[in-house]
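Heads up, the thing below is written out as structure tokens.
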Protein chains: 2
Amino acid sequence: MGATKSEHFTEKQNQIATLAKALGHPARVAIIQYLLKVDTCICGDIVNELPLAQPTVSQHLRELKSAGLIKGNIEGNSICYCIDETALEIFKQFFAHVEDGLDEKKKRCC
Amino acid sequence: MGATKSEHFTEKQNQIATLAKALGHPARVAIIQYLLKVDTCICGDIVNELPLAQPTVSQHLRELKSAGLIKGNIEGNSICYCIDETALEIFKQFFAHVEDGLDEKKKRCC
DNA sequence: AACCTTTATCGTAATATTGCAATATTAAAA
DNA sequence: TTTTAATATTGCAATATTACGATAAAGGTT
């Protein structure tokens, strides 16, 4: 096989997995960190920041975009990439939920 | 090609990516959620909770374990799996950092 | 127009992941 | 000791990901 059986899991589980998967590569973590670091969203030099060829970076950007972690607006002949806070909100919510679950458990095990 | 060029990225970037990748599959999200839901850590019925064959579940558990998201103690002839809070702490820290970065940016763009 | 810059897409090779049947391992139970 | 139950490992097929050279597309600049 090799294909994930997404249809057997809940929408929420697939959503979290998709976001996590998008963040599951150091280049994509680096891109997110860079977008946070630079002052403006008028980027266009992401390629120079990464130790990867331009087509590879473009591919990583597309994956981040399709997962909803970033958004890109065309700005003249370059593109302005930004972090999409909606996705981060979902992530944050999941971890808050995990945290709550752990607090509950503390009372009776491990 | 096909292999991630980890050596070109920082240790932190690789660490976050590894954790995120481990969570990047709905079955593994489901496992984490299940470990949070059940009352005790004396599990052993994770296989029955998932719509996947036993060897597949075992493999997912191993991946979560090697990423540091869960730990497993042998308990008689079954195994007691628990969430490893250390990994979650790293994750939480990363998102806090992202949050801070976004607050900074709010002042001047997008 | 001809040219440059920036980003995307295509094609392809190398490698990784997903999933499961078959089988092994381990320890408790009978 | 034989059996049973729980989990791991092996081997393999199907599919996905990663990376990049070559090339295309789109918008500026001269």
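Letters A, B, ... are given to chains in the order of the sequence lines, protein chains preceding strands, and every chain is numbered from 1. Nothing here was measured: the structure is a model prediction, and the numbers come from that model. Atom set for the values below is all heavy atoms of this structure, side chains included, hydrogens, waters and symmetry mates excluded.
- Residue contacts for A:Glu63: at a heavy-atom cut-off of 4.0 Å it reaches the sugar-phosphate backbone alone, with no base atom in range.
- Between B:Tyr81 and D:dA8 there is a side-chain N or O to OP1 or OP2 distance below 4.0 Å.
- Backbone-only engagement by A:Lys21 is indicated by non-hydrogen atom pairs under 4.0 Å involving sugar-phosphate atoms exclusively.
- Relative to the side chain of A:Pro55, the nucleotides D:dG21, D:dA8, C:dG19 differ in distance, and D:dG21 lies closest.
- Each of A:Ala53 and B:Leu61 lies near DNA chain D, and the nucleotide nearest B:Leu61 is the one positioned closer to the 5' end.
- In this model, no side-chain donor or acceptor of B:Gln54 finds a partner on the base of D:dA6 within 3.5 Å.
- Among C:dC20, D:dT7, D:dA19, the nucleotide with an atom closest to any side-chain atom of B:Ser78 is D:dT7.
- Residue B:Ile79 has its side chain nearest to D:dA8 when only D:dA8, C:dT17, C:dC20 are considered.
- Within the 4.0 angstrom heavy-atom criterion, no nucleotide atom of any strand lies near A:Ile74.
- On a pure distance criterion of 3.5 Å, no polar donor-acceptor pair joins the side chain of B:Gln59 and the base of D:dA8.
- Among the atoms of the strands shown, only primed sugar atoms or phosphate atoms (P, OP1, OP2) are found under 4.0 Å from some heavy atom of A:Thr4.
- Contact check, B:Thr56 against C:dG19: no side-chain N or O comes under 4.0 Å of OP1 or OP2.
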